[in-house]
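Everything on this sheet refers to the single structure shown next.
Every chain is numbered from 1, with letters handed out A, B, ... down the list of sequences.
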Amino acid sequence: MSGKADNQREAEFSSYYLQRTTQELSEDLDKVRTAEDFKADSIPFLVHALQQGAGLFSLEDQKRVVTASKGGKGQDA
Amino acid sequence: MVKRISNDGDDGATAYRKRQKVVHEAPTSEEVFSADQLRNLLTFDQDLRNARHGLQSFKSLLDKIVSDTDDGDRKTNMEILQQYLEAAKPRDTSEDAVFLVDIMEMWSFAAQVGNEGVMSSVAVVLALLLQAVSGSLHLVRHGLGICQTLIQERQLKSLSKNLSSDKNKGFILSPTLRMLREAVCLDGGAYAKRIFRARNFTLTSLGRNLEIGHMGDSPEEMRKASVRTNAVRFFLSLLKYLHSDGRKELLTQKELLSHLTFMLKSDPPHLIVEILESLKTHVLMDDKVPREVKFRSFNTKTLMRILALHTYSVDSDAADEASTVGYKAHKFLIYVCTNPGAGVLYPSTGLYPKESDDESAGKNATGGADSAFLTDKYKDDVPVYNFVLAEFAQKLRPWSSLKHSELLVAIFTAAPELTYKYFLNNRSFTFEPKLSMTWIGYAAFLFNTMRIPLPARFGDRVRSAKAPPPTSILLDNIIPLPINQKVLIRCLSTKSHLTSFFATRILIVALEKLTEALKMHDEASKSKNNNWTEARRRLIDAFCQRIPDMKEVVRSYKGIPAENILHRTMASRLLRLYYEVIPQVALAANFDVSPFFTEVLKKLNGESEKPEDESLLVMELENLVSIASYSPGMRWFSKIDNLVDGAAASPYTALVRILSGKNRELPFHQLKQVLGAVAVENQLVTKATLLTPLYEALQSTSSEVKASQMEKIWSFVDNCINRCASSPIKYLDLMETYLKEGGVAPSNGAAALLNVTMVEQLSYFLGAAKPDEQAALAKFLSIYFNASYGLKHAKPVTKALYKRVTEQFPKTVKLKSLKKADKSDNADEDEEMADAEDIVGKNNKEGSTLDLSKLEEMLHVPFVEKEDNAALVKWTTKNVEDLVEDGWAAALIRLLLSTHTSIRKEAFTNILKMAAKIKESSYEEKDQVWLLLCELAESSRGQVDIGPVPSAFPAFAIHALDVLKNPLHPLYPKINSFLTRSPAWSPEKLPMAHDILHGEPSEDDKYYTEITWLLVYLLDSLRAPFDLGVFHKKRWFEKILVLGGNPYLRLNLRTRVLRILYRATCIDGGSTTLVTRFGILSWLDAQRAACEAADEADAVSALMKRVWETCDQEKVMAWSKGGVKKLLAHLA
């Protein structure tokens, strides 16, 4: 696999990861948003914090998730 | 009023200046048409009004040249300028020649009389003139002449006068600085050095001028640059054009850099960018500027000023992040702090603290004994090389700013020594969970810090060759100080999914990093250094104290809602890591994985998820399957209701179904591996590869038959698998019968007992099945047996079994004969499907056999931990629960083994006291613990005066304590009944060992769990020649060897047996006894031959060598009549 494809896959996985975390932690995130120390510029930090865990998945595992999603879409279409 | 008085009293010059103000306000000028006109205008005149008029006219001309875009006009004006310059050129060609003598005269005169208008105008004109000539090749020499003139004493004085004008005289200061900058830049900085050399004049008041910033509310305009902006540019151009030596000189000018950065935050963005870029290119990246100059220039104060730019106010309207001042300042700081050439970062020694001068390198190398001292030594502070960075790090706020966080992580990466120090000095900032941005920010920062890889050789090649780094420092690099057990437990509480999610991730990183660290220890310990093994153990112990018990993680995992699959996947991964990295903690938790396991299975088999979510589920399943394979109590073959599509199935079959599913293209290597291992262990097959035909047959059959028929096949397979696993002996017998009847010789090696079960169960199935179901099963069996027949091994056996299969079907159902199987297809499949294990095994066999250090690493368990004499006193302050749970009782018991009589006696009395204290408490298991302690004391009473008590006593007591505190332990009933049996234990016996080995297991499937406990206990019971005697006389070695001969014993149990043997070789006379009394060498040789995995065989042969090396060789030779030599020669 070329580096480019890997990068793209990583990006795709990362966005999937972020979407999952926000979905799973939505209740708590709402509470954080109303916390005193939450400012407008906290959002990028929060996104970074949520997304950083994506790196814990090996490239192979990321591939499993991302390609599965593509395969699924293919079937749906 | 005061000011007026002082002005009144001033001399004439001041009065003159005051009058001149009028002139300054209205300079007159005229348009210049020729060089002659210009020359006339600029002739020196004592009347400075005329001078001003001339200068102003010249300025207009120059303005047009510099800013005009119309080529025609510009050309004409340039010609006028050139003619003028030619005409005004001095004849003299020496260095004393004065260019533009009239202007210089005017300037000098004005400076003397204090005419500010002219002082300003001259500077304006000269700056413009230099700018104008710099763009024209043939005029540059005039410019250079002017520069030469400028550094003559008279001009220098005028310059200095200009530069030291009052603070509010920007109209003089700015053009003068501009002029200087032009002069420095002219012709590639030809005069930069000389201008700098005259710094007593040219740098007059530069520090002050650097701080005369822009006034007013509106932002500074490009065209009307402030004095500061001009001063900064002059300074930067000097930096640019000076050579390294000059730069060094410039930077060491008093406080210049401090003046430069003082007002940084209020500068316009373009200026800041210019400053940062210039400092980076011309200072930091200049290797010839000495490091101490850089180091002094970029002190904490400077760094903090640049750091303040992160919140630069004008940035908000910048289009993209990368062009903002904040971002550039961030990049700059990262460069300064992480680049060794930039002068701030000092080379350091990683996780080895800086040595003070009086510390000799050899002192640290002693390890072991010093370790406690070393740990304490760095408890409060640690010396570091990078003290500036350490100070700077403390000022960062990584929890509230992403950039600070990134910067700090970058610093830690570049100077790993700082991680420990940072957290040590920052103890007040806790990680107590709270749903706030600060907590999340801190968690993110900690996570990134932990993700920094450990430096190679822990950061110091030389010292790592001598000794491991201090445990506390290494530990904090793996799991930083703020992350402790208490906080983590709170984070993992089910109240908040967010905190538990973050804590889970953090723990995953910690365990993975620990694995790395342990690997590094293992590599280092190869080089014969004992300290590393010791350090490895210390590290694991310390780590386990930092992290929550596994039951907390299990609780957290249970609390995650089923739909939070990402969280569940991470939590299951964490549980798996507990099993893989710190099994001692994981196994103590007695976690029953089956309910979770089935839950995920049901989910996977149930309604369809989104494909990417399903991948996560599969990962969760894999984690759970691995955990199941590590858990001794996993019930693979008991049916669970409603597991697959509403039908009951065993977890094992359910997994086989997943593997044989047709639509899943996901790699299931791990599932296959575990299923294979479980199948082999339960004797379904003798080799994991024999399962492959099963998967294949199931997969292809399910695509060919109807779903309802397939269900029948599944239930048949499930039934066969479970029956085979639950009564293998029956089927082994049956196989023998079948083979005899079929006239086939028993095969050696690969045979699938499962096939025998299928043959046997077939008749029951056929009796109840409809014809179409029979046909479907026939199809499955023919595919399955054909695929099995393709494998090289046991063809006759398969054939015989298949014959029985075909015979059982009614005549209406025809099965393919085996010969029709396409051999060419299957012939090489066997090769392809070699077990992963086999491949590893083969590779290893080719390599050299195990050397002794590796053997030691595998089998050597250090003798009982160091005696902790402090336990004698400390236990009294602890509550009863801690005494039992935290090992205080165990520590005290261990002291009975002390070589000092007084300590043994003290321990003895204290054990009795402790027993009394426990008895009086409300501790749940107080009676049993009291009884245990009393029996221990009673049994040891006569021994403590003579010498260390038999090792079996403390060993039994300590391991029994572990059981007593956990009533769910399978041995709990046995220990209780043992304790009530007699008041004291015989020193000639191993307490309770007999009951376990020969008694019935308390629960059917707990036999191996009990054996595991026993083997650990036996190992601890074998320490001294006396213990060896007990083992010998009471025939414990025979019993252990018989146990070790059990072919179904798992590898880890076999290893435990070998460990006991290894331990015996460490005791005086142990090896000789083993050889001459128990024929250990032949026993080991037989084991070796039976080993399937090559590395295990290597371990056994290495152990044989060790036995030989540690025994009384002469005696053994005589005993064996030379046989030993032959045996060993065979080995080599």
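Salt bridge annotation for B:Glu599-B:Arg568: present, with a cationic side-chain nitrogen under 4.0 angstrom from a carboxylate oxygen. In summary, B:Lys519 and B:Glu516 engage in a salt bridge, as defined by a charged side-chain N under 4.0 Å from a carboxylate O. Taking a cutoff of 4.0 Å between a charged side-chain nitrogen and a carboxylate oxygen, B:Asp613 and A:Arg20 qualify as a salt bridge.
Neither the backbone nor the side chain of A:Thr34 comes within less than 4.5 Å of any heavy atom in chain B. Interface residue A:Tyr17: backbone and side-chain heavy atoms are both found under 4.5 Å from chain B. For A:Gln19, the part lying near chain B is the side chain, with the backbone staying farther off; criterion is any non-hydrogen pair under 4.5 Å. Both the backbone and the side chain of B:Leu566 come within less than 4.5 Å of a heavy atom of chain A. Only the side chain of A:Tyr16 has a heavy atom closer than 4.5 Å to any heavy atom of chain B. With a threshold of 4.5 angstrom between heavy atoms, A:Asp41 does not approach chain B through any atom at all.
Contacts with chain A were tallied for B:His567, B:Arg505, B:Arg573; B:Arg505 has the most, counting heavy-atom pairs under 4.5 Å. When B:Met570, B:Arg451, B:Glu563 are compared by the number of non-hydrogen pairs under 4.5 Å with chain A, B:Arg451 comes out ahead. Across B:Phe501, B:Phe502, B:Phe447, the residue that shares the most heavy-atom pairs under 4.5 angstrom with chain A is B:Phe447.
Aromatic pair B:Phe445/B:Trp399: ring centres not closer than 6.0 Å.
Here the side chains of B:Met450 and B:Pro480 are in contact, with some heavy-atom distance below 4.5 Å.
A:Gln23 CD: more than 12 foreign heavy atoms inside a 6.0 Å radius.
B:Lys603 and B:Ile565 make their closest contact through NZ-CG2, 3.7 Å (heavy atoms, listed as atom of the first residue, atom of the second, distance).
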